[in-house]
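Numbered from 1 within each chain, the chains take letters A, B, ... in sequence-line order. Reckoned from all heavy atoms, side chains included, excluding hydrogens, waters and symmetry mates.
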Amino acid sequence: MIFADKEEYIKLRNEVHKFNLKELAPVADESDEKEAFPVSVLKNAGVLGYVGPHLPEQYGGMGDYYAKAVVYEENCRVCFGYNLSLNASDLIFANNIARHGTEEQRQKYLPGVIKGEKIGCWALTEPDAGSDALSIRTTWKKDGNHYIINGRKTFITNAPIADFFIVIARKPDSIKAEGGCAFILERGMEGLSTGQPFKKLGGRCSPTGEIVLEDVRISKEYLLGKEGSGFKDMFSSLDIERAYTPLSSIGIAQSCLDEAILYAKQRKQFGQYISEFQLIQEKLAVMSAELEVARRYVYHLIELMVMGKRITKEASIAKLFASDMVNRAAREAIQIMGGYGYMREYKVERYFRDAKLLEIGAGTSEIQKLIIARELLK
Amino acid sequence: MKILVTVKRVSDPEAKLKIKPDGLWIQTEGVKFVVNPFDEIAVEEALRIKEKQTGEVVVVSVGDKVVTEQIRAALAMGADRGIFVNYAGSYDSYDIANILAKIVEQEKPDIIILGKQAVDDDMGQAGFMLAELLGYPQAAFASKVEITDDKKKAKVTREIDGGLEVKEVELPCIITADLRLNTPRYASLPNIMKAKQKPVKELTVESLGVAVKPRVTVKKLSEPPKRKGGVKVESVQDLVSKLKTEAKVI
C-alpha cells in the first residue's frame, strides 16, 4: 500500500489541512499582498511537529520522510509561498546539516529549525551561475585556522529573513567540482549582509533576496562536510529535495480544481449552472485526470527516494510533468471563473502566479528534459 | 484521576447533506464524518485536566466499526486508550445512557465528560440520563471546569441567561461541555503516529448486558423551508409599521 493511503497519513493530512485552513489560510492573501512571511504560523506548526518531521528524532524530528511529503503537499494547497520558505529551511538547509554536519553542528542548528523558531536558507545561485552550478564565483581561502569568504549570492529563498545560511563557495582557480566547500554562516557575522526582498510574480510571502559576503572570516567549525566536498555533498542531497518539489504542483493544482468546481456549481449563466455545460465539464475532467496521474507518480517517486533508489530520471519526469500540469490547471481554473478568476479577490489568481515558479525554480523544465534525455541515451 | 469521555461520529457540520429517499436519515455516501464538535471539546477538557492532575483519559464510542476512526482521532489528540462498543443497529439517547452506565461500572472513572449534544440529531439527553442512571451529580453546559485541590470536587461554571452560574459537584460526576469551554488542540504529528499503537478494547452490547430497544424513533426528516426573499419598504414609517404589525419585534 502506498504511504498516502495508510490510516496514519490520511489522519495527518486531515489534521494539517484543518490547521492550515484555520491558521494559514486567513493570513495567506495578506502575506502575499504585503510580501511578508507568516512567522507565527511557522512557530505554531513547529509545536505540532509539522516542521522537519523527516529529520532525526534526537533533534526533535520523527525521521519520517512520508510525513514530510504529506505536510509539504497540504501546505502548498493553502499557501505555496509559506511552504517555499519552510522547505528552504527544514528540507534544504536542515537536511544538509543532518546529512553532512558534525554532531555539534546538528545539535546547534537542527532543534531551532524543527521548532519553527529559527529559519535557515541555502545559497548556491549567483548573478552569473544558475543552472550551471559549477560556475559560481563566490570564493573561500584559508587564513591559518580560518576561512575567508567573498562573493555574492542571488535569488536566495529566505535570505532576507534567515537566521542561518549554508553558502557554497569554491577555491579560486579550482576546476569543475574541485575545491567546492559548503559553509554555515549566521546572521550577524561580520561581512555578511542581505538585501531587501525582491518583488516577485508569485510565492510572494516567501522572501527572496541577495546575500553579500565581504571578507567573512570564520573558524573551521563552520565548514559543512569536508574541504572540497561541497559540490559532491550538494549533489548527493539534491535527489531528496528533487523528490519533494513536484508536490508543490500537486497541492496548488488540487486547490485550482477545488475552487473551479465550487465556482462552477454556484455560477449560473443562461439559466443553468455552468457546471452543466459540457465545455466546463471537459476542463474539470482533464484537470482531475492530469492531477491524479501526476499525484500517484509523485507518491511513487517519494517511495523510491525513501528506499534509497537512484531517482535522477524519475524526479525530472515528475517535476516536468507536474509543473506543466499545474500551470494548465491554474490557467483553466481562471478560464472557468472568467472575470472573477482574474481578480485578486479570488484565490486562483494567486495560484496562477504561484504556479509559474514551478517551471523555473529547482531546475527549469528545459533542464529537466535534458536530464531525462541524458538518462535515456546513456 | 481517570476521565471517561464519549465521542460520537457525526457528519461534518460543513458538509451539504441530502435526505435519503425513505426520509428517515441522511445520505451518507460521500459525506465526511468527524468527531462531534462538542465531544472534541470534551476530549480537550479531559486532556487539560489530565495534564494538571496526571491520570488517564479513556474515550468511548458506540456504533459500527467505522466509529473507531473517531476513537483514533481522540487518541491522536492525546487520549490514552479507547473503548469501542460494537453495535450496528438503531438506538436512542436512553440506550446510549444505559450502555455508558455499564462502561462506567467497569471503568469507575472520577469524571465523565460528554459533549452537551451531538450536532447531528441535537438530542442532548445522554448526559442527563447517564447521571440519573448512575445517581451521580451532574453539571451540564460547562464553560469552565476546575478541580478542587483535594481532588474531591469539580467547580463548574455555566453560562446562563444574563450571567454565569458556578456549581460545585462531588466526584465522580458528569460534566457536559458547552461551546466556549475551550478550543480543541490540533493533533500533533507524534501523537498521530502514537495513536495507532494505543489500545482500543472492543465490547458488544450483549457482553455489557444491555438490551437495546429504542423508545424514540425518527419518523421523518425534511429540509428546512427555503428562505423567502425580503421586501423593499418605501419609507421609515413603512418600516416601523411593518416591524410592529408584521414582524412584531417592536
Side-chain angles (χ1 to χ4, degrees), chain A residues 1 3-25 41 43-72 74-75 78 86 90 114-116 258 261-262 265-266 273 275, chain B residues 7 9-18 30-37 39-41 43-44 47-48 51 59 61 65-79 82 84 119 179 182-200 226-227 229:
Chain A
M1 188 198 274
F3 73 92
D5 299 323
K6 289 187 179 157
E7 191 191 319
E8 62 268 36
Y9 293 112
I10 294 172
K11 172 72 191 153
L12 174 64
R13 182 181 298 278
N14 291 339
E15 202 66 17
V16 173
H17 189 56
K18 194 165 91 180
F19 171 83
N20 283 344
L21 283 186
K22 278 224 179 101
E23 312 287 329
L24 182 57
V41 180
K43 285 187 181 155
N44 290 336
V47 172
L48 293 166
Y50 300 163
V51 177
H54 56 292
L55 293 163
E57 277 186 57
Q58 60 265 44
Y59 312 108
M62 300 270 294
D64 189 337
Y65 282 86
Y66 295 135
K68 174 66 188 163
V70 171
V71 176
Y72 195 111
E74 285 305 316
N75 287 344
V78 173
L86 169 57
D90 81 342
I114 294 171
K115 282 184 199 143
D258 292 344
I261 291 173
L262 199 68
K265 284 165 85 173
Q266 285 170 359
Y273 292 108
S275 60
Chain B
V7 294
R9 178 182 170 91
V10 299
S11 52
D12 185 345
E14 310 266 325
K16 283 199 178 132
L17 301 176
K18 284 186 185 146
V31 176
K32 193 177 150 206
F33 282 83
V34 297
V35 174
N36 171 37
D39 292 345
E40 220 173 19
I41 295 171
V43 174
E44 175 65 35
L47 293 173
R48 290 186 189 189
E51 280 156 9
V59 285
S61 190
K65 192 78 191 166
V66 286
V67 306
T68 51
E69 256 177 58
Q70 278 59 47
I71 294 176
R72 293 276 172 214
L75 297 178
M77 285 175 73
F84 161 47
V119 299
L179 186 64
N182 59 50
T183 308
R185 68 194 63 191
Y186 301 104
S188 71
L189 175 56
N191 273 337
I192 290 171
M193 294 300 162
K194 272 186 231 151
K196 230 183 124 186
Q197 266 79 44
K198 288 177 180 171
V200 176
K226 289 253 184 306
R227 263 189 72 183

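What you find for A:G49 and B:L189 is that their closest heavy atoms are O-CD2, 3.3 Å. Across A:K43 and A:G116, no two heavy atoms sit closer than the pair CG-O, 3.4 Å. B:S61 approaches B:V7 most closely through the heavy-atom pair OG-O, 2.7 Å.
There is no contact between B:A195 and chain A, counting heavy-atom distances below 4.5 Å. In this structure, chain A has heavy atoms under 4.5 Å from both the backbone and the side chain of B:A187. Looking at A:D64, the atoms closer than 4.5 Å to chain B (heavy atoms on both sides) all sit in the side chain, from C-beta outward.
Counting only N and O atoms by type, the side chains of A:Y50 and A:E74 include no donor and acceptor under 3.5 Å apart.
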